[in-house]
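Chain letters run A, B, ... following the sequence lines, proteins first, then strands; residues in each count from 1.
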2 protein chains.
Amino acid sequence: MAVGSTLGRRLPVMADVAKEAGVSHQTVSRVLNDHPNVRSETRTRVLQAIDKLGYRRNLVARALVTKHSRTLGVVSFDTTLYGPASTVYGIEQAARAAGYFVSIVSLKSIDRAGVRDALDYLADQGVDGIVVVAPQRSAACALDDLPLGVPTVAVEGGEAGGVPVVSVDQVEGGRLATEHLLSLGHETVWHVSGPSDWLEAEGRVAGWRAALEQAGREAPRPLAGDWSPRSGYEAGRSLASMRNVTAVFVANDQMALGVLRAFTEQGVRVPERVSVVGFDDIPESEFFSPPLTTIRQDFGAVGRHSIEVLVRQLEGGPQERERLVVPPVFVARASTAWA
Amino acid sequence: MAVGSTLGRRLPVMADVAKEAGVSHQTVSRVLNDHPNVRSETRTRVLQAIDKLGYRRNLVARALVTKHSRTLGVVSFDTTLYGPASTVYGIEQAARAAGYFVSIVSLKSIDRAGVRDALDYLADQGVDGIVVVAPQRSAACALDDLPLGVPTVAVEGGEAGGVPVVSVDQVEGGRLATEHLLSLGHETVWHVSGPSDWLEAEGRVAGWRAALEQAGREAPRPLAGDWSPRSGYEAGRSLASMRNVTAVFVANDQMALGVLRAFTEQGVRVPERVSVVGFDDIPESEFFSPPLTTIRQDFGAVGRHSIEVLVRQLEGGPQERERLVVPPVFVARASTAWA
DNA sequence: CACTTCTTTGTTAACGCTAACAACAGTTGA
DNA sequence: TCAACTGTTGTTAGCGTTAACAAAGAAGTG
């Protein structure tokens with residue numbers, strides 16, 4: 001690509017290419033859009049002109065007339081956390097592979113108004129579709145009043161207002177963790193949960209409860225955390241002081257780290273005296289002391305599926321009210337042992 | 001905002017609002033853009049019409065004529081890692097506060113071609129400016145051939161081709177870590193470095209070397225990792241088998257976790273026999289066993305500054321060849337002790 | 001009172017592209 | 001020979017907005 005004749009001047013437009021190639025601008029457009037009826041000799045002449053002038057088509061002008069920007073909007077919450085970050089990454093990769101740009105709004109806090117603003121913001125910008133990573137009840141609610149006419153998919157969105165949802169089966173994950181601990185002979189399993197307004201936290205609690213119930217065990221009162229290692233640490237200190245605790249299912253790996261730390265400080269040995277299971281399988285978990293048994297979520301798959309569903313809608317499909325569930329995977333390591 | 005008369009029809013445009021308010025479309029435009037010369041009575045009539053029709057302005061059309069999209073592009077590498085994720089988050093927050101959208105391209109691998117493509121991709125889309133998170137030498141090189149005319153800022157970009165750079169002072173960080181260990185009476189300090197093509201890794205090595213040299217100590221051969229806990233673990237196994245190692249500066253916290261794990265397995269006590277310092281201060285570090293002494297990077301500040309510099313350029317400032325450096329902060333915890 | 005100036009509004013022409021239709025050659029077929 | 005078709009290209013008219021200029025009235029000034 002050369003800069004050539006337009007050096008220092010304004011960027012070349014389609015008309016410049018047309019003149020250079022001795023055709024009409026419409027023929028240039030046809031070449032660019034792979035229309036069938038262009039003589040191959042004409043096509044090469046146009047391509048040469050494009051190359052010579054260093055022409056790049058103006059996608060804004062294109063979007064104005066086609067009404068499609070080939071941009072997807074993503075609304076997420078705190079992309080500093082491993083889960084959201086991985087999900088957004090998966091979404092971005094899948095979107096690009098499908099030929100779409102991604103415009104991201106990362107919310108600091110999620111109230112209904114914040115999500116609404118973000119959605120309006122994206123709709124204004126002319127995105128073709130939106131993925132909302134809505135792990136909280138409040139965010140999921142905001143999906144009830146969507147910008148009209150913009151196809152939307154929710155990730156981890158519960159029964160979000162009429163839009164398709166892609167999520168990891170949190171209930172199943174909670175069940176897997178709990179059943180594993182029960183199968184090791186533990187009388188019951190304690191639980192450090194995530195914040196109560198998070199759907200994921202709720203799902204894990206439900207799975208944990210279901211597994212205990214099925215085994216005919218009493219469910220102890222869960223300890224509530226906020227996903228942070230510190231909150232896990234505090235829960236861990238409480239648990240360490242209780243003699244009857246032998247198994248703990250912690251709702252994410254970061255809090256599990258805090259629990260492990262508290263146990264170490266209090267001289268509670270893992271897994272000899274207490275077994276611990278986490279959730280997420282962050283890259284660090286394998287190197288905790290001891291390496292953490294956990295439930296892996298395939299965030300990449302969630303991202304890919306959400307884009308698949310969205311693109312299917314964009315490209316003509318009907319607004320199906322589908323619900324895609326990605327199964328979690330149990331990962332055995334060294335933080336759990338026989339009672 | 002009501003949906004009103006256009007229910008089920010096409011979205012209302014400026015002309016519809018104009019007709020509703022009994023003015024010309026240009027007057028509507030003036031109201032929307034806060035032009036001074038509009039009679040206040042006219043203004044309220046227009047605003048009422050906007051509200052009644054549920055009108056939202058078409059930013060694509062606006063961008064076509066103004067040549068500004070109020071969108072910034074961000075090119076980053078693997079936003080799953082804590083550092084890049086935090087930086088991008090900081091950028092996004094700052095950009096939104098400044099009234100800009102953010103379009104993100106997250107590269108899987110960074111070769112020069114990949115970065116180039118991403119830049120073209122964004123330039124095509126009509127972004128007003130670009131932030132490149134270019135922590136690798138290869139990425140930084142790609143800044144040499146930038147899309148013409150799009151203001152750009154590099155984050156962690158070394159001496160990137162003529163564009164402003166915002167970064168954390170990695171050399172100073174490496175120095176802080178090493179000096180701390182030397183001040184505790186350690187004879188010398190070993191180093192587990194990041195990948196050699198990362199500028200950050202290089203800076204930390206340089207700081208470590210400088211501190212040792214200044215103290216008149218021999219620098220041992222550094223062990224190379226790839227930022228992952230696993231590579232730290234492997235380095236840790238090597239170090240554990242060497243009797244003369246009493247202090248290790250690890251180039252990031254994730255690898256430090258791996259080192260700690262290897263030491264634990266081999267019965268090497270931290271900090272009693274070996275002191276360990278990490279880098280980054282990820283949220284987990286405080287809860288490692290033992291809590292990790294480390295160097296904190298203020299990723300949020302880096303993001304904010306990069307947007308500041310970029311916006312200053314966009315809004316008329318000259319393309320200054322500036323270099324903004326954010327100082328790292330030493331964080332003392334329990335993984336270091338007197339030799 | 002004529003003259004300039006200011007305020008408010010409207011009219012017209014872009015911005016760079018694609019869609020729709022028109023036009024023209026070169027076939028083909030009756 | 002004329003009509004109908006086919007493949008290729010050009011012409012025109014938008015998309016929805018802002019910029020530039022024009023115009024009309026109000027207000028100030030000598």
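- Separating the CG atom of Asn37(A) from the P atom of dT6(D) is a distance of 11 Å, rounded to the nearest angstrom.
- Side-chain atoms of Asp128(A) come within 3.5 Å of backbone atoms of Ser69(A) as a donor-acceptor pair (strictly under, hydrogens ignored).
- Rounded to a whole Å, the NE2 atom of His35(B) is 12 Å from the C1' atom of dA20(D).
- Each end of the helix from dC1(C)-dG30(D) to dA30(C)-dT1(D) gets its own rotation axis from five pairs of C1' atoms, and the angle between them is 50° to the nearest 10 degrees.
- Rounded to an integer number of Å, the gap from Asn33(B) CG to dA19(D) C1' is 11 Å.
- Counting to the nearest Å, the C1' atom of dT8(D) and the CZ atom of Arg43(A) are 12 Å from each other.
- Residue Val23(B) is in sugar-phosphate contact alone, with no base atom involved, counting any heavy-atom pair closer than 4.0 Å across all strands shown.
- Nucleic acid contact for Val38(A): sugar-phosphate only, since backbone atoms but no base atoms lie under 4.0 Å from a heavy atom of the residue.
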side-chain contact (heavy atoms from CB on, under 4.5 Å) between Arg137(B) and Leu199(B), intermediate numbers included: CA-CA 6 Å; Arg137(B) 184 167 302 291; Leu199(B) 296 158; 3.7 Å; yes

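- The side chain of Arg62(B) contributes an N or O atom lying less than 4.0 Å from OP1 or OP2 of dT18(D).
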Stepwise side-chain contact (heavy atoms from CB on, under 4.5 Å) check, Val133(B) with Ile91(B): CA-CA 10 Å; Val133(B) 183; Ile91(B) 289 170; 4.1 Å; yes

Leu324(B) and Val309(B): CA distance, side-chain angles, deciding distance, side-chain contact (heavy atoms from CB on, under 4.5 Å) verdict: CA-CA 9 Å; Leu324(B) 225 152; Val309(B) 172; 3.9 Å; yes

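- Each of Thr27(B) and Ala61(B) was matched to the nucleotide of DNA chain C holding its nearest heavy atom; the match closer to the 5' end belongs to Thr27(B).
- Protein chain B touches strand DNA chain C; the 5'-most and 3'-most nucleotides with an atom under 4.0 angstrom of its non-hydrogen atoms are dT8(C) to dG16(C).
- Asp16(B) contributes a side-chain N or O that, together with a main-chain N or O of Val13(B), makes up a donor-acceptor pair within less than 3.5 Å.
- Legend: residues meeting side-chain hydrogen bond (donor to acceptor under 3.5 Å, both in side chains) with Thr42(B), ordered by chain and number and at least two apart, are absent.
- Arg45(B) places a side-chain N or O within 3.5 Å of a backbone atom of Ala21(B) that can act as its donor or acceptor partner.
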Write out a two-atom table: protein N or O, nucleotide N or O from nucleotides 12-14 of chain D, distance below 3.5 Å.
none

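- A donor and an acceptor atom, one from each side chain of Thr71(B) and Gln125(A), are located under 3.5 Å apart.
- At whole-Å resolution of the value, CZ in Arg39(B) and C1' in dA24(D) are 13 Å apart.
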Listed pairs under 3.5 Å, donor-acceptor, residues 92-102 of chain A side chains, sequence neighbours left out:
residue	atom	partner	partner atom	Å
Glu92(A)	OE1	Ser106(B)	N	3.4
Glu92(A)	OE2	Arg96(A)	NE	3.3
Glu92(A)	OE2	Ser106(B)	N	3.1
Gln93(A)	NE2	Ser106(B)	O	2.7
Arg96(A)	NH2	Ser106(B)	O	2.7

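- Among all heavy-atom pairs drawn from Leu122(B) and Val75(B), the shortest one is CD1-CG2, 3.5 Å.
- Mapping Leu59(B) and Arg30(B) onto DNA chain D by nearest heavy atom places Leu59(B) closer to the 5' end of the strand.
- The ring pair (Phe, Tyr, Trp, His ring centres under 6.0 Å) contacts involving residues 35-54 of chain A comprise nothing, where partners must be two or more places apart or lie in separate chains.
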